[in-house]
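Structure first, then comments.
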Amino acid sequence: MGGLVFGGSGSATGGAGGSRLVRPEYEVCSSTFNRYVIGNAHLKILAENCFEWVEGPVWMGDAGCLLFSDIPNNRICRWTEETGVSTYRCPSNYANGHTRDRQGRLISCEHGTRRVTRTEHDGSITVVADQFEGRKLNSPNDVVVKSDGSIWFTDPHYGIATDYEGYRSEQELSCNVYRVDPTDGAMEAVATDFQCPNGLAFSPDESLLYISDTGAAYDPSAERHIRVFDVVDGCSLRRGDVFHKVDVGVSDGIRLDSDGNVWSSAGDGVHCISPQGKLLGKILVPEKVSNLCFGGRAKHVLFMTGFTSVYSIVVNRSGVQWP
Ligand code: MG
């Protein structure tokens, strides 16, 4: 699946906060994608070769920083334009995905403690979820908060399968997707037929929920697609058709823009997929991309976590995640 590749002169110059600027390479599969990229925009390598496996980027607009997880090094890092990278929290309990709720609080998935937590404004930690029907969660991976305050997260087994990014432990539950009610904290398994549910994101009107399955991360014959569900009455899921299957790697993290396009991480960068499930184009990145988020003044900066480095690029779309 391909198309025209352009850009990529390989030139590099110094950037703010120690970043390095590279001419980006795009793969255009639809002329629509030409309107989504900006010719003068550089691929910024914000920090490189100083991480083990980075994941879970979340834009903290009011603080002007990006947080992300360096999972095997058991830390959450912080990046700002002015100061570059510093440690935000260590140990992080092998945290993976993050998001923010409507009060701006950080919601985090932790492999090591097999739980989802909320960091309160005073810095204290509240446990959102750590078990279901009396059994420990596996290793929550990624999380999203709906506008009603409900917290939806995926629970594959990656963090307990080895000692690499958590603690190797016995699996007590299937790899499900859960919803935590905003009023009483009640938890419900809303999808139970995944191999390894991973990234998840709502459509702009929250009528759809996209969830990736990265079963193929360990088993090449397993699933590597994004499914789309109807959100029923704001609290349950129906259907779950296959929406798109990336052609390189897996769709670990996904985010949507305000037009309903799905931006997915992949083995060769970030893929932009139309609401109809058609690949529009790719931003090619020098290494596998694990996750992404929109940030910056107008949610027009795409931040991407790769294997060992963190990248950003300005695009001509705006992300819908809040805040
Ligand atoms: Mg993930």
Side-chain angles (χ1 to χ4, degrees), residues 51-59 66-77 92-100 106-117 129 137-145 151-162 164-166 175-178 191 194-202 209-219 222-227 243-246 248-256 262-267 269-271 285 287-294 302-311 321:
F51 310 111
E52 172 77 20
W53 169 239
V54 279
E55 248 279 11
V58 57
W59 177 248
L66 180 80
L67 299 181
F68 55 94
S69 298
D70 183 8
I71 308 176
N73 285 322
N74 200 12
R75 60 179 175 168
I76 301 171
C77 297
S92 64
N93 298 321
Y94 296 94
N96 187 336
H98 307 277
T99 193
R100 300 180 81 185
L106 182 68
I107 309 292
S108 302
C109 295
E110 298 180 358
H111 286 180
T113 45
R114 304 170 70 164
R115 66 185 188 179
V116 177
T117 62
L137 297 176
N138 298 318
S139 51
N141 187 292
D142 216 340
V143 59
V144 65
V145 178
I151 297 171
W152 304 60
F153 68 94
T154 56
D155 187 39
H157 66 288
Y158 296 124
I160 57 171
T162 70
Y164 177 66
E165 51 181 325
C175 297
N176 298 326
V177 182
Y178 297 97
F194 275 81
Q195 292 178 347
C196 289
N198 204 315
L200 72 175
F202 286 103
L209 179 64
Y210 297 86
I211 309 174
S212 66
D213 194 328
T214 55
Y218 278 2
D219 175 4
E223 304 296 2
R224 59 172 75 244
H225 53 220
I226 302 168
R227 295 168 63 187
F243 168 73
H244 183 84
K245 180 177 175 180
V246 295
V248 182
V250 297
S251 296
D252 190 333
I254 51 178
R255 294 288 189 276
L256 271 80
V262 177
W263 298 71
S264 171
S265 69
V270 169
H271 296 191
V285 174
E287 60 178 357
K288 179 195 299 184
V289 171
S290 62
N291 212 329
L292 62 150
C293 74
F294 288 93
L302 193 59
F303 290 96
M304 301 164 276
T305 48
F307 230 127
T308 64
S309 306
V310 179
Y311 308 83
Q321 87 271 4

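Atoms within each ligand, like the ligands themselves, are counted from 1 in listed order. Source: prediction; values computed, not measured.
The shortest distance between side-chain heavy atoms of Y94 and P72 does not fall below 4.5 Å. Annotation: side chain of E110 is in contact with side chain of T117 (closest heavy-atom distance under 4.5 Å).
Every residue meeting the side chain to side chain donor-acceptor pair (under 3.5 Å) condition with R75, not counting sequence neighbours, appears here in chain and number order: D70.
Protein N/O/S atoms closer than 2.8 Å to the Mg ion (ligand 1): E55 OE2, N141 OD1, N198 OD1, D252 OD1.
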Q | Check against ring-ring contact (aromatic ring centres under 6.0 Å, His included), Y178 and W152 | A | CA-CA 6 Å; Y178 297 97; W152 304 60; over 10 Å; no

* Asked: When you look at W59 and F294, which way does the ring-ring contact (aromatic ring centres under 6.0 Å, His included) test go after all the steps?
  -> CA-CA 7 Å; W59 177 248; F294 288 93; over 10 Å; no

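Side chains of N96 and H111: a donor-acceptor N/O pair is present below 3.5 angstrom, by distance only.
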